[in-house]
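As the structure lists them, so they are numbered: ligands from 1, and atoms in each ligand from 1. Starting from 1, each residue takes its place in the sequence as its number.
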Amino acid sequence: MTKIPFLRPNLVKKEELLPYLSEIETSRMYSNFGPLNARFEERVLNEYFDTKGAVTTVNNATIGLILALSQVKRSKGKYVLMPSFTFAATPLAAMWCGLEPFFIDINQDDWCMNEKLVGEWLEKLDDQVAAVMPYAAFGTNMNLDFYRKIHESGIPVVIDAAASFGAKEGPDYFGKGFPGCIVYSFHATKSFGVGEGGLVYSANHEIIAAIRQAENFGFSKTRETNLFGINGKISEYTAAIALATLDTFDKKIKTRQQIHTWYVEELSQKNYIDKGWTLQKTCGEIPYQFMPVCCPQGERNDDFIRLLANQNIAARTYFAPSCHHQQLFIGYPHTPLPVTDEISSRIVSLPLWEEMTNQDVCLVVDGMIPS
Ligand SMILES: *Cc1c(COP(=O)(O)O)cnc(C)c1O
């Protein structure tokens with residue numbers, strides 16, 4: 001039996017859902033951008049984006065990435081610049097749009113795509129670039145100034161912000177005012193978990209209107225298909241869970257941040273940091289999905305995962321193997337990826353779930369000391 005699982009998703013309880021479910025029984029609307037979906041989108045736009053821009057819900061972030069990319073990609077382009085250090089959904093989204101991933105190396109400190117390299121390859125590849133798709137690694141408040149400039153220069157930017165919903169820097173939630181697309185996941189394993197779901201935000205109303213049409217079979221106002229579409233909508237049941245989750249999300253984030261703080265304290269008190277373990281460089285408040293750390297240079301994450309597994313503690317190595325090593329993506333072009341390879345060999349994703357105690361955190365941290 002697993003003593004400490006990696007994740008233990010904790011979605012809203014049925015009691016918190018009941019009022020919303022009753023509304024569904026009254027409205028008899030079960031999908032198709034119904035009243036609960038409308039209320040959820042309105043609340044998100046008010047509470048997370050100061051009513052600046054527009055949002056649309058999607059049935060998962062992968063569909064959100066595909067739809068966003070399909071609406072903004074440059075028609076003559078072929079490549080989507082993205083990190084290899086991301087989840088498979090990022091390159092898959094490019095491929096579903098008939099494009100090819102082009103993998104770019106990441107930074108040592110924040111594990112996000114290296115902007116200098118992005119700039120260089122944008123110049124080299126020129127018209128062959130269809131879009132740029134950075135990943136805000138592990139929910140971080142990635143600085144978007146560079147990508148805003150790129151987007152405004154005519155190269156569309158879609159941010160994979162799968163784990164960033166609720167990330168905040170100063171008074172602003174992550175993504176607010178960004179003119180490209182920001183795609184968030186509401187998968188059960190993300191901090192704002194509803195089961196399956198997601199959201200696309202943009203400061204640009206027209207982009208969101210196009211995505212909304214595309215996720216509803218490409219229907220025009222007269223229900224005639226005049227855009228290449230699919231069904232990407234959420235049901236009213238999902239919207240009910242999402243509304244109930246909004247009611248408690250701040251508390252969930254605080255709980256996750258407390259557990260993260262315990263990890264940081266234990267790791268430094270037990271001399272991990274002195275011995276070369278490193279944490280992701282981040283800023284602001286993050287709705288931690290799990291606890292990513294890098295073991296010292298020259299050591300291998302697999303050894304620590306095994307050590308933990310022997311004590312019934314489940315840990316992972318997100319995102320190793322990184323995409324360019326996975327069979328489907330091996331043939332696609334990439335820059336040299338020394339940092340991606342190094343971080344992928346060192347990354348250890350430690351358990352983080354809301355009922356974890358300080359004692360659990362101690363067990364995990366102690367569990368990585370070879371006996
Ligand atoms: C979870 C995740 C996705 C996919 O989200 P779904 O809602 O499950 O489709 C995409 N990219 C990254 C980086 C993720 O972590």
Side-chain angles (χ1 to χ4, degrees), residues 6-7 9 11 40 44 55-70 80-97 101 103-104 106 110-113 131-142 147 157-167 174-175 180-201 211 214-215 230-235 238-239 241-242 245 256 280 282 286-292 316-324 326 328-329 340 343-344 347 349-350 352-353:
F6 173 55
L7 297 180
L11 272 60
F40 175 68
V44 166
V55 296
T56 189
T57 52
V58 283
N59 52 16
N60 60 66
T62 309
I63 287 285
L65 290 168
I66 293 171
L67 288 169
L69 195 53
S70 75
V80 182
L81 273 47
M82 64 178 68
S84 172
F85 191 72
T86 181
F87 186 56
T90 327
L92 284 172
M95 291 166 70
W96 275 103
C97 290
F103 299 117
I104 307 264
I106 52 169
D110 64 4
W111 312 335
C112 291
M113 195 154 57
V132 180
M133 214 180 225
Y135 162 46
F138 306 127
T140 191
N141 282 293
M142 196 174 85
Y147 292 112
V157 177
V158 175
I159 312 273
D160 184 337
S164 294
F165 190 74
F174 180 76
C181 295
I182 313 256
V183 182
Y184 306 92
S185 172
F186 297 160
H187 189 263
T189 55
K190 304 297 200 282
S191 301
F192 193 97
V194 304
E196 292 279 0
L199 184 89
V200 187
Y201 167 84
I211 293 170
E215 70 174 297
I230 197 169
N231 182 358
K233 305 184 299 291
I234 63 169
S235 81
T238 299
I241 303 171
T245 305
R256 287 171 172 276
Q280 183 182 17
T282 57
I286 294 167
Y288 299 103
Q289 188 192 354
F290 43 78
M291 177 70 200
R316 300 277 187 275
T317 58
Y318 292 124
F319 291 101
S322 49
C323 291
H324 72 291
Q326 296 178 34
L328 187 72
F329 309 122
T340 300
I343 299 294
S344 305
I347 196 92
S349 317
L350 297 173
L352 198 160
W353 33 273

Could you label the plane-to-plane angle of the Phe186 and Phe165 rings as parallel, tilted or perpendicular, counting under 30° as parallel and over 60° as perpendicular? perpendicular
Given Val158, Leu69, Thr90, the one that forms side chain to side chain contact (heavy atoms under 4.5 Å, CB included) with Val80: Leu69
Indicate yes or no for a side-chain donor-acceptor contact from [X] to the backbone of [Y] under 3.5 Å, with no hydrogens or angles considered.
X: Ser191; Y: Pro287; value: yes
X: Thr245; Y: Ile241; value: yes
X: Gln280; Y: Asp110; value: yes

With heavy-atom distances below 4.0 Å as the criterion, list the atoms of ligand 1 near Thr86. 13 (C)
If the cut-off is 4.0 Å to any non-hydrogen atom of Ala89, which atoms of ligand 1 fall inside it? 10 (C)
Tell me which protein heavy atom sits closest to [atom], plus the residue, atom name and distance to 0.1 Å.
atom: atom 2 (C) of ligand 1; result: Lys190 NZ, 2.9 Å
atom: atom 13 (C) of ligand 1; result: Tyr135 CE1, 3.2 Å
atom: atom 3 (C) of ligand 1; result: Phe87 CD2, 3.6 Å
atom: atom 14 (C) of ligand 1; result: Ala162 CB, 3.2 Å
atom: atom 4 (C) of ligand 1; result: Thr62 OG1, 3.7 Å
atom: atom 11 (N) of ligand 1; result: Asp160 OD2, 2.7 Å

Once side-chain contact (heavy atoms from CB on, under 4.5 Å) is applied, do any residues pair with Tyr318, and if so which ones, sequence neighbours excluded? Phe6, Phe138, Phe290, Arg316, Ser349
